[in-house]
Amino acid sequence: MSCSKGKLSSLFTNPERPTSSNSSKLSSLFFTTQVIPRPTSSYPTTSTEAPSPSVPIQTPLEHFLQTNCKSGNFTLNEALHYFDRMILMQPVPPMASFNRLLGGLAKSKHYSHVFSFCIKLTSSGLLPDFITLNILLNCFCNVKRVCDALVALGSMIRRGYKPSAVTFTSLVKGFCMEDRIDEALRLLEKMIKFQCQPTVMTCGTMINGLCRAGKTSVALRLHEDMSKGNGGFGVYCKPNVVTYGIIIDRLCKDGMIDEAKDLFLEMKDRGILPDVVVYSALIHGLYYYEKWEVGKALLHEMVHCGIKPNLVTFNVLIAALCRRGNVKESSDLLKLMVHRGISPDLFTYNTLIDGFCLVGCLNEARELFHTISSRGCQPDAVSYNVLINGYCKNWKIHEAVNVYEEMIRRGVRPTVVTYNALLTGLFKLGRVQDAQMLFAEMQTQNVLPSSSTYKILLDRLCKNDCIPEAMEIFHTLENSSSCELSVEIFNSLINGYCKARKLEIAWDLYHKMSKKGLVPDVITYSMMIHGLCIEGQLEKANGLFLEMEGKGCAPNIVTYNTLMRGFCQNNNLEKVVELLHKMSERNLSPDNSTTSIVIDLLSKDENYRKCLDWLPTFPASSELKAEVTNFKSFA
DNA sequence: TTAGGGTTAG
């Protein structure tokens, strides 16, 4: 188990023996011996006057704790201000008041402030209670510091508190967030030993973790066991709208739309009414997979059931329209949501900026980007990335680089997406040196390249005749664990070497990928066949074609065309016809490239006569047959 | 006063 090396985590290294230097820090929350508790009052008040029994007067502090903290409608400065006041009050407000404030901060994801406020609490001699510790433990989990959360759990137990389902649910989430799914599952089943029954929220958290980890089938099994009440996974709670929603969303994201719809019907059959989240998730899936009519019908059903579309629903619809290039209707939808009193958020603006970029309306995209701040949001990395990508895709690298520089000037940290977009843009324009310099800058900015970055680099370097540079990066990757070598990376290099007529090196790479446990795909085979054909090694090319079929890798239209072109150049009409028959048997339709190959073949005088023999049984599409017949009549 | 779900970029 590895603990994070942050300042706070180091406080937990020796919980039994806190030193005087750390007793005022977070760790002291867990040591009653180090804290001299100050008395706390039984009600939160800032007023010296007793409230009137008939007209309760709420002080600003009470209003802040009971209203703002609950709704999340407060600024950090306000929280800091009230916290400092509370801590100095005499008598000190009850811990429940501090918990309200800490809970509000945690809900607003101000985790680091929860940590610092907890340190201040203990250094002021106040003793956190069970709820405080649960809030703290949950915050540790949310910042992927399960190690510290477990120390908090241990201390909680030592202080005589019995961990509740809330405690365990936080820990399950923490394990899931650290990709420790098996440990999360074990904890779920262990809860019972602590005489704590998992609740539907614990199960929802577990199901969500399983889904995110790609273990949808296990999530479905747990959900089914919940429905059956058979005690599987040690749980006895029934599924609810949230558990159904999580699985429906996952199935949609996995493209299993029909299964998602079935589950949606099942929940309704069981009397669990879908809410706006479930409808939005399913509508998103339906629109994403182009099932527009069904999506529209579901939207109508939702409204008919009295469920109002919310901000996320509108964002889903705006994104769907943008993907279709219908940015005009998207903008109309934006006006409609504002008219309905729903304020657009950064998701809305980023989606619309992307929509404008997709249809090439870069000025409109830029204009909207510049109005984000005046609309109450601040552009984030996604906003910048969307715009940079828009410029790169439209060959406007100069503008893209300007946006990148503005991004850095404004203190928005570029991400790997930023660099991938810029690298692609630079390579597209053949600016290899600039791309290489940007790759170096990416490293100085401490942005880790992703597998996509390496794919872009290797692919584009090869295509720009920089094979040695590509190989240098490849060798670095071979000797490091920073990025897994993939079939795509090998394909880029194989393609480069085939085109450079260095077939032997391409062969070496082809064999190397198998040794590394990678399975060549249809692109690998097609490229190798292409390379062999160029070198006139048709027999070997045909052998590889048969080998790929034998290994269960189905040749596609590109593979067939590549090999047919090889045989065509070798004037081997019989072999081309054989391949056309094979294509027909495999239900593969010839494309324009196939037609041109056949026409080229026929245009050779010696083939024309032969053509008359096999044309009546020609296994090709009507378009290809028509082309051939045209050629015949013309000839 | 503490725990779970849906929307944007390569």
Side-chain angles (χ1 to χ4, degrees), chain A residues 44 65-66 69-70 94-104 106-107 129-139 141-142 164-174 176 198-209 211-212 240-250 252-253 274-285 287-288 310-320 322-323 344-355 357-358 380-390 392-393 415-425 450 452-453 455-456:
Chain A
L65 293 175
Q66 284 166 28
C69 285
K70 201 170 179 180
M95 196 45 63
S97 299
F98 286 100
N99 290 342
R100 277 178 199 264
L101 195 146
L102 291 170
K107 271 207 179 104
D129 66 10
F130 180 59
I131 304 285
T132 327
L133 293 174
N134 267 323
I135 296 171
L136 185 64
L137 183 145
N138 185 44
C139 289
C141 291
N142 280 319
S164 67
V166 175
T167 320
F168 285 111
T169 304
S170 295
L171 286 168
V172 166
K173 185 183 182 186
C176 291
T199 67
V200 68
M201 283 171 96
T202 324
C203 296
T205 308
M206 190 66 247
I207 288 171
N208 194 32
C211 286
R212 280 171 187 261
N240 66 3
V241 63
V242 176
T243 57
Y244 269 103
I246 294 165
I247 296 186
I248 286 171
D249 176 57
R250 188 70 254 165
C252 285
K253 289 199 171 101
D275 60 8
V276 65
V277 176
V278 180
Y279 272 108
S280 300
L282 190 51
I283 289 169
H284 176 244
Y287 278 124
Y288 192 87
N310 66 8
L311 173 62
V312 177
T313 325
F314 271 102
N315 284 346
V316 162
L317 298 173
I318 287 172
C322 283
R323 269 194 301 271
D345 65 358
L346 208 45
F347 276 88
T348 327
Y349 296 125
N350 289 347
T351 306
L352 271 167
I353 294 168
D354 191 40
C357 289
L358 274 174
D380 65 355
V382 177
S383 324
Y384 282 97
N385 290 347
V386 162
L387 200 57
I388 288 170
N389 189 43
C392 288
K393 279 203 170 142
T415 67
V416 66
V417 178
T418 322
Y419 288 102
N420 289 353
L422 283 166
L423 286 170
T424 310
S450 64
S452 299
T453 318
K455 263 184 259 169
I456 295 164

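Chain letters run A, B, ... following the sequence lines, proteins first and then strands; every chain starts at 1.
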Under 4.0 Å, counting only non-hydrogen atoms across every strand here, what does [X] touch: a base, just sugar-phosphate, or nothing?
| X | value |
| --- | --- |
| A:I131 | base |
| A:S383 | nothing |
| A:A421 | nothing |
| A:T205 | sugar-phosphate |
| A:N310 | base |
| A:V242 | base |
| A:D275 | base |
| A:S450 | base |
| A:V382 | base |
| A:N142 | nothing |
| A:T313 | base |
| A:K455 | nothing |
| A:T199 | base |
| A:R250 | nothing |

Hey, does A:T132 have a side-chain heavy atom less than 4.5 Å from the side chain of A:L136?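 With C-beta onward as the side chain, the pair stays apart.
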Quick check: do A:V242 and A:V200 have side-chain heavy atoms less than 4.5 Å from each other?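 A side-chain contact is absent here, since even the closest heavy-atom pair is not under 4.5 Å.
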For residues 276-284 of chain A, tabulate all N or O donor-acceptor pairs below 3.5 Å that involve a side-chain atom, not counting sequence neighbours.
{"unit_1": "A:Y279", "atom_1": "OH", "unit_2": "A:E301", "atom_2": "OE2", "d": "2.6"}
{"unit_1": "A:S280", "atom_1": "OG", "unit_2": "A:V276", "atom_2": "O", "d": "2.7"}
{"unit_1": "A:S280", "atom_1": "OG", "unit_2": "A:T313", "atom_2": "OG1", "d": "3.0"}

Does either side chain, that of [X] or that of [Y], offer a donor lying less than 3.5 Å from an acceptor on the other one?
| X | Y | result |
| --- | --- | --- |
| A:N134 | A:N99 | no |
| A:T202 | A:T205 | no |
| A:D354 | A:T351 | no |

Please find the earliest and latest nucleotides of DNA chain B, in the 5' to 3' direction, that have an atom within less than 4.0 Å of any heavy atom of chain A.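 Going 5' to 3' along DNA chain B, contacts run B:dT1 to B:dG10.
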Report the residues that fulfil side chain to side chain contact (heavy atoms under 4.5 Å, CB included) with A:S450, sequence neighbours left out, ordered by chain and then residue number.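 If we apply the side chain to side chain contact (heavy atoms under 4.5 Å, CB included) test to A:S450, skipping adjacent residues, the hits are A:V416, A:N420, A:S452, A:T453.
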